[in-house]
Amino acid sequence: MNTPPLVAPGAVRPVIVGAGPAGLAAAQTLLAHGLRPVLIDEALKSGGQIYRRAPDGMQRSAKALYGFDHRRAQEAHQLGDRLADQLDYRPQTLVWNAEGQTLFLQSPDGLDSLSFSHLILATGATDRILPFPGWLLPGVFTLGGAQVALKYQGCAIGREVVLAGTGPLLYLVAWQYAKAGARVAAVLDTSRRFNQMRALPGLASNPGLLAKGLWYAAWLRAHGIALHAGVRLVKAQGESRVRSLLWEARAGDPLTLRETACDAVGFAYGLRSETQLAGLLGCTFQFDARARAWLPVRDAVGRTSRADVFVAGDGAGIEGADAAGIRGEQAALAVLADAGFAPNLRTIKRCANQRQHLARARRALDHAFPLPQEWAAQAEDSLVVCRCEEITVGKIRQAVREGGVREMNRIKALTRVGMGRCQGRMCGLAAAELVAFAAGADIREVGYLRSQPPVKPLTVGLVGSAPASNQEMETADG
Amino acid sequence: MMPDSAPLLCRIAEQQRPSCEFFLDGRRCIALVGDTLLTAVLTQQAVLRHTEFGGGPRAGFCLMGACQDCWIWLQDGSRVRACSTLIQPGMAVSTTAPVMP
């Protein structure tokens, strides 16, 4: 791996954002070629969300925390710890803005800026959300949030937990909860079993992925946990906290409304990529039909429309942790090649082969766990889409109907949807589905919300000392 | 039926950690070292804050620093994300915004 560089290492200042599987793999690859990248991460410890580590003092085994993936998790943690001393590693650091070749940072030490020659964005993903009535009630969390409560804090989100939505995470979290001793009242999958059966041949290209999912589902059934597929989430009921979940069973039988008593609901419909920094840096985006979202244009190894910006991992497109590691390595090899180093050709080829293999399995998963297609048609006008500023479905439909508007940034200006603290992370995709349906347009025609700095609100009190930036600081909290 | 004020989160592991004292809206409470503020508060009660729009109760949502739903306030008036801030012994947190002079 130690090919002598063709350029002086000092001239190359690579920066990686995100210390999950993609960012760590990228860092390792750059180090192996004699570069010392900066690795920036929001979390206290490396590992990303998937391999998120509990704070010091927690004692559960990796097997208890990560199930089948405990070896990979441990490897990632060991890698992160080993690299930390060799890198310029900056945990607990938020990149809140990016312009030109400068990143604007906030850490516990305050505000700072950092320039890069090559930037690898490995910013990961969050849960993909389609709201349902009652989703604002205390006790309703994302599936990823339910998992964080358990993995990171040793807590269940409630005493009687319903896990709902769709995606591989649904069954994993249900298994983790039941295994840890939480009461799982029901697992409600909005996809039909039909979809999952049809996907089996594709999943066979990665038997591990298939076996894990089936194993979790079989384990849950064997332990008497109710699994229902083809459902629709109707309403989380309660005054000041969740008391029950109303849902409809649709598959096969005549429509029946059912109520499951619970004090917590974890739900999501797969994952969405975190792309805001690529947006701020002016990378070109294109519509991705599989994600039903706009993602940075990238070549096979993660080069974006900007020669100095690369994307890797779930932040570039949802492919899962194993693919993220390969994507991170590929992006780092691309940086090396572009910077005049001569990375090992065999390594490049191995990455490409591994990635293609995983991509097939991923496509099959998407078929198994599709977004509920009828959501935008069925959402009631009173449903709140934006939890930051409490913008309703009705208000968005009105803007389309009366304003004749169908472009997401104009919708945002008219309704404030996506303008709140979360910057559209939670509501943006649902809002786009609503606008497209109301306008009778294809979802790609409505566009996507432009990124605005700060991508996350800064801690009050530090904003005044921000390094000069020619962009407005406003937005997040208005 | 469990009262509205009953805790939301339920500890099911890692309960052998040392405890630490903190103050929640002036009330003395006990958390465990390694708790986030979100865990510390929601193992006491079912609300983190009320929204400035509809006034409804909120208790966080994504728990990974993305949704910004879990803002609460510290004694010095600063605002933090409860899900990504670890508790410190003696910390005083408030579920309501400080009144600006």
Side-chain angles (χ1 to χ4, degrees), chain A residues 42-44 49 52 54-60 64 92 94 126-127 129 135-142 144-150 152-159 177 180-182 238-241 243 263-264 274 384 387-390 420-423 425-426 456-457 459-461 476, chain B residues 1-18 32-36 38-40 42-43 45-71 73-74 76-81 83-87 97-98:
Chain A
E42 272 185 66
L44 198 59
Q49 292 301 342
R52 179 192 266 255
D56 290 335
M58 306 269 191
Q59 291 172 2
R60 277 170 299 170
Q92 287 188 280
L94 166 74
T126 65
D127 293 276
I129 295 303
W135 76 299
L136 301 179
L137 280 174
V140 182
F141 295 95
T142 64
Q147 195 187 39
V148 168
L150 182 61
Y152 189 62
Q153 296 282 282
C155 287
I157 54 173
R159 278 150 196 80
Y177 262 60
E239 284 293 316
S240 61
R241 59 189 300 163
R243 301 289 187 179
D263 63 351
E274 187 69 28
V384 170
R387 63 188 292 126
C388 298
E389 304 212 355
E390 299 177 12
R421 290 172 182 157
C422 89
Q423 292 281 289
R425 282 183 181 83
M426 299 296 129
K456 291 184 182 180
T459 306
V460 168
Chain B
M1 197 165 73
M2 115 179 27
D4 282 350
S5 58
L8 204 60
L9 298 187
C10 172
R11 295 190 192 274
I12 57 173
E14 306 283 8
Q15 297 181 65
Q16 74 295 343
R17 286 173 284 151
L32 299 181
V33 173
D35 279 357
T36 62
L38 185 139
T39 301
L42 296 182
T43 49
Q45 60 188 40
V47 62
L48 276 177
R49 67 178 180 103
H50 290 82
T51 76
E52 57 273 49
F53 296 91
R58 294 291 178 87
F61 184 55
C62 81
L63 270 59
M64 55 180 81
C67 76
Q68 317 299 323
D69 201 68
C70 66
W71 286 105
W73 292 267
L74 301 181
D76 64 2
S78 64
R79 197 189 53 181
V80 293
R81 266 198 314 256
C83 77
S84 43
T85 308
L86 293 179
I87 192 105

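Below, read A as the first sequence line, B as the second, and so on, with proteins coming before strands; counting in each chain starts at 1.
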Selection from [options] maximising heavy-atom pairs under 4.5 Å formed with chain A:
| options | answer |
| --- | --- |
| B:V33, B:D76, B:T36, B:T43 | B:T36 |
| B:G56, B:C83, B:P3 | B:P3 |
| B:L38, B:T51, B:L48 | B:T51 |
| B:M64, B:Q15, B:R11 | B:M64 |

Inset, instruction - For B:S84, enumerate each residue passing the side-chain contact (heavy atoms from CB on, under 4.5 Å) test, keeping only those at least two apart in sequence or located in another chain. - result: B:R81
Inset, instruction - Please list, chain by chain and in numerical order, all residues satisfying side-chain contact (heavy atoms from CB on, under 4.5 Å) with B:A40, sequence neighbours excluded. - result: B:F22, B:A31, B:D35, B:I87
With a 4.5 Å cut-off on heavy-atom pairs, point out which of [options] contacts chain B the most.
| options | result |
| --- | --- |
| A:L94, A:V140, A:L44, A:D56 | A:V140 |
| A:E274, A:Q147, A:M426, A:Q59 | A:Q59 |
| A:C388, A:G238, A:G181 | A:C388 |
| A:R52, A:E239, A:R159 | A:R159 |

By a 4.5 Å heavy-atom criterion (distance strictly below it), what part of [X] contacts chain A: side chain, backbone, both, or neither?
| X | answer |
| --- | --- |
| B:R17 | side chain |
| B:Q16 | side chain |
| B:T85 | neither |

Contact part of [X] toward chain B, heavy-atom cut-off under 4.5 Å: side chain, backbone, both or neither?
| X | answer |
| --- | --- |
| A:R387 | both |
| A:P55 | side chain |
| A:A182 | both |
| A:E42 | side chain |

Legend entry - Side chain to side chain, A:R60 and B:E14, heavy atoms closer than 4.5 Å: yes
Check [X] against [Y] and note the closest heavy-atom contact, atom names and distance.
| X | Y | result |
| --- | --- | --- |
| A:I157 | B:L9 | CA-CD2, 3.6 Å |
| B:A46 | A:R241 | CB-NH1, 3.5 Å |
| B:G34 | B:L86 | O-CD2, 3.7 Å |
| B:P57 | B:V47 | CB-CG2, 3.7 Å |
| B:F61 | B:C67 | CB-SG, 3.6 Å |

Inset, instruction - Measure the OH-CD1 distance between A:Y177 and B:I12 for me, rounded to the nearest 0.5 Å. - result: 7.0 Å
Inset, instruction - Decide whether a cation-pi geometry holds between B:R49 and B:W71; the criteria are a distance under 6.0 Å from NZ or CZ to the six-membered ring centre and an angle within 45° of the ring axis. - result: no
